[in-house]
Amino acid sequence: MDERYDPARVERAAQDYWDSRQVFAAREGVRGDKYYCLSMFPYPSGRLHMGHVRNYTIGDVLTRFMHMRGANVLQPMGWDAFGLPAENAAMANGVPPAKWTRDNIAYMKRQLQSLGLAIDWSREFATCDPEYYRWNQWLFLRMLEKGIAYKKTGVVNWDPVDLTVLANEQVIDGRGWRTGALIEKREIPMYYLNITAYADELLEALGELPGWPERVRTMQANWIGRSVGCEIAFPYADDTTAAMGGAGVLKVFTTRADTLFGATFMAVAAEHPIALAAAARDPKLAAFVDECRRGSTMEADIATQEKRGLPTGLHVRHPFTGAPIEVWVANYVLMAYGEGAVMGVPAHDERDFEFAGRHGIPIVTVVRSKDGAYERVVAPWIPAYGEAGVTVDSGEFSGLESDAAVEAIAAALAARGLGARRVQYRLRDWGISRQRYWGCPIPLIHCPACGDVPVPDADLPVVLPEDLVPDGSGNPLAKTPAFVDCTCPKCGGAARRETDTMDTFVDSSWYFLRFACADNADAMVDARTQYWLPVDQYIGGIEHAILHLLYSRFWTRVMRDLGLVTLDEPFRRLLTQGMVLNHIYYRHPEGGRRSYYNPADVEMRDGVPVLIADSQPVVHDGLGTMSKSKGNGVDPSQLVEEFGADTARLFMMFTAPPEQSLEWSDEGVQGAYRFIRRLWKAVHDLVAQGPVPTADFGALGAAHRALRRLTHETLAKVTDDIGRRYTFNTAIAANMELLNAATRTSTADAVGRAVVREAFEVIVLTLSPIIPHVTHVLWQALGHATALIEEPWPRPDPAALVREEIELVVQVNGKLRGKVTVAADATDEAIRAAALADVNALRFMGEKPARKVIIVPGKLVNIVVAS
RNA sequence: GCCGGGAUGGCGGAACUGGUAGACGCGCCGGACUCAAAAUCCGGUUCUGGCGACAGAGUGUGGGUUCGAUUCCCUCUCCCGGCACCA
């Protein structure tokens, strides 16, 4: 064994061993229970970032741990290869997205391999492989047949200069990122997946996911947003009937039908038919509607913009009193939610209250507070106004509790055909059409004679041409006759191929299924999914808590209903890892753009951050996720080159528990490296003393017995930390303590060396999931002929854990005042007596008698005296 | 704006079910080794008072429940994630 730790050499040796024996290739039905551990596959952006390193190390630790526990593990890897960055790169460099993407995959794969992950690479695929995305297309056609996929219009960000649809991130302050032009909302036909049909099941099944973090389940439940309420139809008054060219009703949804008699205005979205009809005859209104069409489609923007509205001059009639109610156009009502219209009840809804106040709309109190919080609603708003109570001034429905009033009003509305109880979801159907090139083509053909015709299964996949280069003005597919021009499969006439591609969330909604059978060229999935699925442990960023995970749960159910798989939930356990953060430093020259500096190039001098290169100060802008734009990234490959993959992995796992955000620290990396070197040296020094004979652990001196106890206590703790708690940081800390204790223990005699070796073996075995390379080599150095990867996870020796005495804390009135040592099996009476004899405790009790003595077994004694 | 989460020494974090606050690591201080430095090793390190034994205070803010609260409840502040076309 070398005296010096050489990470490059150690890592090459370990990786060569694993590769040559293909130890991570997974086969169905061998060994014990299957364990499918999956980390969210990366987008091939060019280089691995630290978030990836963290994600994949967490997955690898669990994979290797379960392998040692005897499970038949599968840890696959692939590439989420379609998406916008490839098009942006193409515009910047003129390289086709396909080439850029595949080059990135090749580079990042080498980076991943350098980390020594226990991945079965034989199952690798990229979502831009036609053999993968053909099944997106195939399943889309099945959904079309079943009515799960359908066509309707949707709103997009339209750049009027580039004549192109922009993604939300390409809209900055309501303007196009390249053109600076004011963005317009534009309605275009799109394909949707009917996820709302599964809303109830997706919501209820959250209760059957105990392996998911509570917060993710809460976020999904809120996102689905099931609310039970009432649909109410307000018949058009004569003016509206005239404007709309016929009689009709304005429909709204409300959870507070009990406040119906307090409705003093109606608010509709700018795109609502009544708004458009009114705008046609009112230039001021037309200008306002036009203005509402500008700006981004993002909910955060809409929710934070100033709430504005304009009256239409048109009216609807109250369904019971027939009283006219004026219809307003409001920029905070969204056409996509519910009916695109709401009833305004200023007295009992805060937003309506504000709107009414600003526009001089009357406030009519129709609910009386049950606890007398108010009599009449008057400004300013208090939360009690919005709470349930007893109805007043509501005609025949007065004097009812809110719940009962909702029931009675709903029943009466139903009897008149003007409403009904209804369940409404906040969740909207999933629009999957993207007016973009680098994605999975939607397999449809538009025929002038036959309409929209599905591409026959035999013609799948519709292959995306890989040599196009987008230029920022629309979808290049639409300008490629070889792609667009086709014949109608029905009538054989000339037709146009659909040029929209699918949302990339489609690609990631079932890739976890494909890993079970990636080599099947004839079917989307096969029986091997029965064996491997569900994913036993899924690991990924918290930023995917809603969309990706919800879409995957939905897609899995669609495949179930089509008879392709038998499972409901794809992910049994979920671990949401926190972000990797680093400091942000910049300078902002007068009139210029901010320039960012990497924290590695900055140092603190007299409490001021300065750029090392020129010693001039820079501005510290807090912590942020590592990103190219903030210039605060750290390159994993440089890290691996300098310190080795084990140091990178150890630092990542030690610095914070997986669910928390992790702060980058160069000193922390040094500390991790130092620990590995200390471990290496400790093992080297022991081995250098010659072979260690087996010793009788039955008759040990006190120091050796203490180390053995610590060894087995540590083993028990680390097993629990990795296997149950997923707190790898505390598992590492416990092993650091054990190494500290072991290196302080004398190895002068054979017994001492045996006890110390046992401690080292526990450290090497239990840290092997985290630092697999160095432990692989150290295991051999400790004299083992078999490879560490084939070793089972060790079990603590109960005999080593036995204690004769325990130390208890003595408190007086909850404050620590002393400590007593008692026999491990001492009775409560003996503990009480020992505590009451403690000198310091007596000092604080003074003359006062013990009123009560609380004994917490194994922990403490609290003596309660009158204070 | 709405939904979800977080805040503990100089720093990252630990304290798992309401029971010793600060494990472990970093940094810093002192010492050993060295011509010297780096590396390494040993000791110290929440704050305040005290030579010390020890005492008091202390887990973002303010309140509450309890023999006992970092942990449970309410209030406020700041930070982070998501908001449907970034992935």
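In the text below, chain A, chain B and the rest are named by the order of the sequence lines, each starting its count at 1. Model, not experiment: these values are computed from the prediction.
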Chemist: If we count only N and O atoms by modelled type, under 3.5 Å, do the side chains of A:Tyr198 and A:Trp555 hold a donor and an acceptor together?
Modeler: no
Chemist: Within the structure, does a side-chain N or O atom of A:Gln660 lie under 4.0 Å from either OP1 or OP2 of B:G13?
Modeler: yes
Chemist: Would A:Asp507 and A:Ser509 count as a side chain to side chain donor-acceptor pair (under 3.5 Å) if you check the C-alpha gap in whole Å, the side-chain angles of each, and the deciding distance to 0.1 Å?
Modeler: CA-CA 6 Å; A:Asp507 309 323; A:Ser509 287; over 6 Å; no
Chemist: Indicate yes or no: does A:Glu299 engage A:Arg428 in a salt bridge with an N to O separation below 4.0 Å.
Modeler: no
Chemist: Which is true for A:Val156 with a 4.0 Å heavy-atom rule: it touches a base, it touches only sugar-phosphate, or it touches nothing?
Modeler: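 Here A:Val156 touches the bases of the nucleic acid.
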Chemist: Assess, by modelled atom type and distance only, whether the side chains of A:Asp503 and A:Trp430 contain a donor and an acceptor separated by less than 3.5 Å.
Modeler: yes
Chemist: Figure out the CZ/C1' separation between A:Arg215 and B:C3, and round it to whole Å.
Modeler: 13 Å
Chemist: Please pick, from B:C24, B:U40, B:A84, the nucleotide with the shortest atom-to-atom distance to any side-chain atom of A:Arg428.
Modeler: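 In terms of side-chain proximity for A:Arg428, the closest of B:C24, B:U40, B:A84 is B:A84.
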Chemist: With heavy atoms under 4.0 Å as the rule, sort A:Arg725 into base, sugar-phosphate or nothing.
Modeler: base
Chemist: Taking the nucleotide of RNA chain B with the closest heavy atom to each, which residue, A:Asn222 or A:Lys815, is nearer the 5' end?
Modeler: A:Asn222
Chemist: For B:C3 and A:Arg426 - does any side-chain N or O of the residue sit under 4.0 Å from the phosphate oxygens OP1/OP2?
Modeler: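 No, outside the criterion.
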Chemist: If the condition is side-chain contact (heavy atoms from CB on, under 4.5 Å), which residues does A:Pro470 pass it with, not counting sequence neighbours?
Modeler: A:Glu87, A:Ala90, A:Pro97, A:Tyr437, A:Pro476
Chemist: In whole Å, what is the span from the CG atom of A:Leu549 to the P atom of B:G4?
Modeler: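 Atom-to-atom, A:Leu549 to B:G4, this comes out as 17 Å.
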Chemist: Which nucleotide, B:G19, B:C16, B:A84, lies nearest any side-chain atom of A:Asn168?
Modeler: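 Out of B:G19, B:C16, B:A84, the nucleotide with an atom closest to A:Asn168's side chain is B:A84.
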Chemist: When you check the glycosidic angle of B:G9, does it come out syn, meaning within 90° of 0, or anti?
Modeler: syn
Chemist: Using the side-chain heavy atoms of A:Pro657, tell me which of these nucleotides is nearest: B:G19, B:G43, B:A14.
Modeler: B:A14
Chemist: For A:Val155, what residues pass the side-chain contact (heavy atoms from CB on, under 4.5 Å) criterion, not counting sequence neighbours?
Modeler: A:Lys185, A:Glu187, A:Thr297
Chemist: Between which residue ranges does RNA chain B form stems of three or more consecutive Watson-Crick or G-U wobble pairs, both distances under 3.5 Å?
Modeler: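 Stems found: B:1-7 with B:77-83, B:10-12 with B:24-26, B:27-32 with B:40-45, B:46-49 with B:54-57, B:62-64 with B:72-74.
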Chemist: Choose from B:A84, B:A55, B:G19 the nucleotide whose nearest atom is closest to any side-chain atom of A:Glu299.
Modeler: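 Shortest atom-to-atom distance from the side chain points to B:A84.
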Chemist: Expressed as a whole number of angstroms, how long is the span from A:Lys681:NZ to B:C41:P?
Modeler: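 Value for this atom pair: 7 Å.
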Chemist: OP1 or OP2 of B:U40 sitting under 4.0 Å from any side-chain N/O of A:Arg674?
Modeler: yes
Chemist: Roughly how many Å is it from CZ in A:Arg678 to C1' in B:G25, rounded to a whole number?
Modeler: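 From A:Arg678 CZ to B:G25 C1': 11 Å.
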Chemist: Can you find a donor-acceptor N/O pair under 3.5 angstrom joining the side chain of A:Asn813 to the base of B:C67?
Modeler: no
Chemist: For the pair made of CD in A:Glu663 and P in B:G10, what is the distance, rounded to whole Å?
Modeler: 15 Å
Chemist: Toward the 5' end of RNA chain B, which comes first, A:Thr730 or A:Lys852, by nearest nucleotide?
Modeler: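 Taking each residue's closest nucleotide, the earlier one in sequence belongs to A:Thr730.
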Chemist: By nearest atom, which of the nucleotides B:A14, B:U40, B:U20 is closest to the A:Asn729 side chain?
Modeler: B:A14
Chemist: Can you check whether A:Thr504 has a side-chain N or O nearer than 4.0 Å to OP1 or OP2 of B:A87?
Modeler: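 So the side-chain polar atoms of A:Thr504 do come within 4.0 Å of the phosphate oxygens OP1 or OP2 of B:A87, strictly under.
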Chemist: Atom CG of A:Asp666 to atom P of B:C11: distance rounded to whole Å?
Modeler: 18 Å
Chemist: For a quick check of understanding: with a heavy-atom distance under 4.0 Å over all strands, which category does A:Phe675 fall into, base, sugar-phosphate or nothing?
Modeler: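 It contacts nothing in the nucleic acid.
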Chemist: State which of B:A87, B:A84, B:C83 makes the closest approach to the side chain of A:Ala300.
Modeler: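 So the side chain of A:Ala300 is nearest to B:C83.
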Chemist: Select one nucleotide: of B:A21, B:G25, B:G19, the one nearest the side-chain heavy atoms of A:Phe654.
Modeler: B:G25
Chemist: Whole-Å distance between B:G82 C1' and A:Trp223 CH2?
Modeler: 7 Å
Chemist: Could you give the CD-to-C1' distance, from A:Glu667 to B:G10, as a whole number of Å?
Modeler: 13 Å
Chemist: Using a strict threshold of under 4.0 Å (side-chain N to carboxylate O), is an ion pair present between A:Asp828 and A:Arg832?
Modeler: no
Chemist: Would you kindly check if the NZ (Lys) or CZ (Arg) of A:Arg677 is within the cone defined by 45 degrees around the ring axis of A:Tyr5 and under 6.0 Å from the six-membered ring centre?
Modeler: no
Chemist: Is A:Arg724 side chain donor-acceptor paired with the B:C16 base, going by distance under 3.5 Å alone?
Modeler: yes
Chemist: Look at the side chain of A:Glu169 and decide which nucleotide, out of B:G56, B:A87, B:C86, has an atom nearest to it.
Modeler: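 Nearest nucleotide to the side chain: B:C86.
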Chemist: According to a strict under-4.0 Å criterion, is A:Arg217 in side-chain N/O contact with OP1 or OP2 of B:G5?
Modeler: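 The answer is no; no side-chain N or O of A:Arg217 sits under 4.0 Å from OP1 or OP2.
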Chemist: Base, sugar-phosphate or nothing for A:Met40? Non-hydrogen atoms, less than 4.0 Å.
Modeler: nothing
Chemist: Scan side-chain atoms only and decide if A:Asp500 and A:Gln435 contain a donor-acceptor pair under the 3.5 Å cut-off.
Modeler: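 Judged by distance alone, the side chains do pair up.
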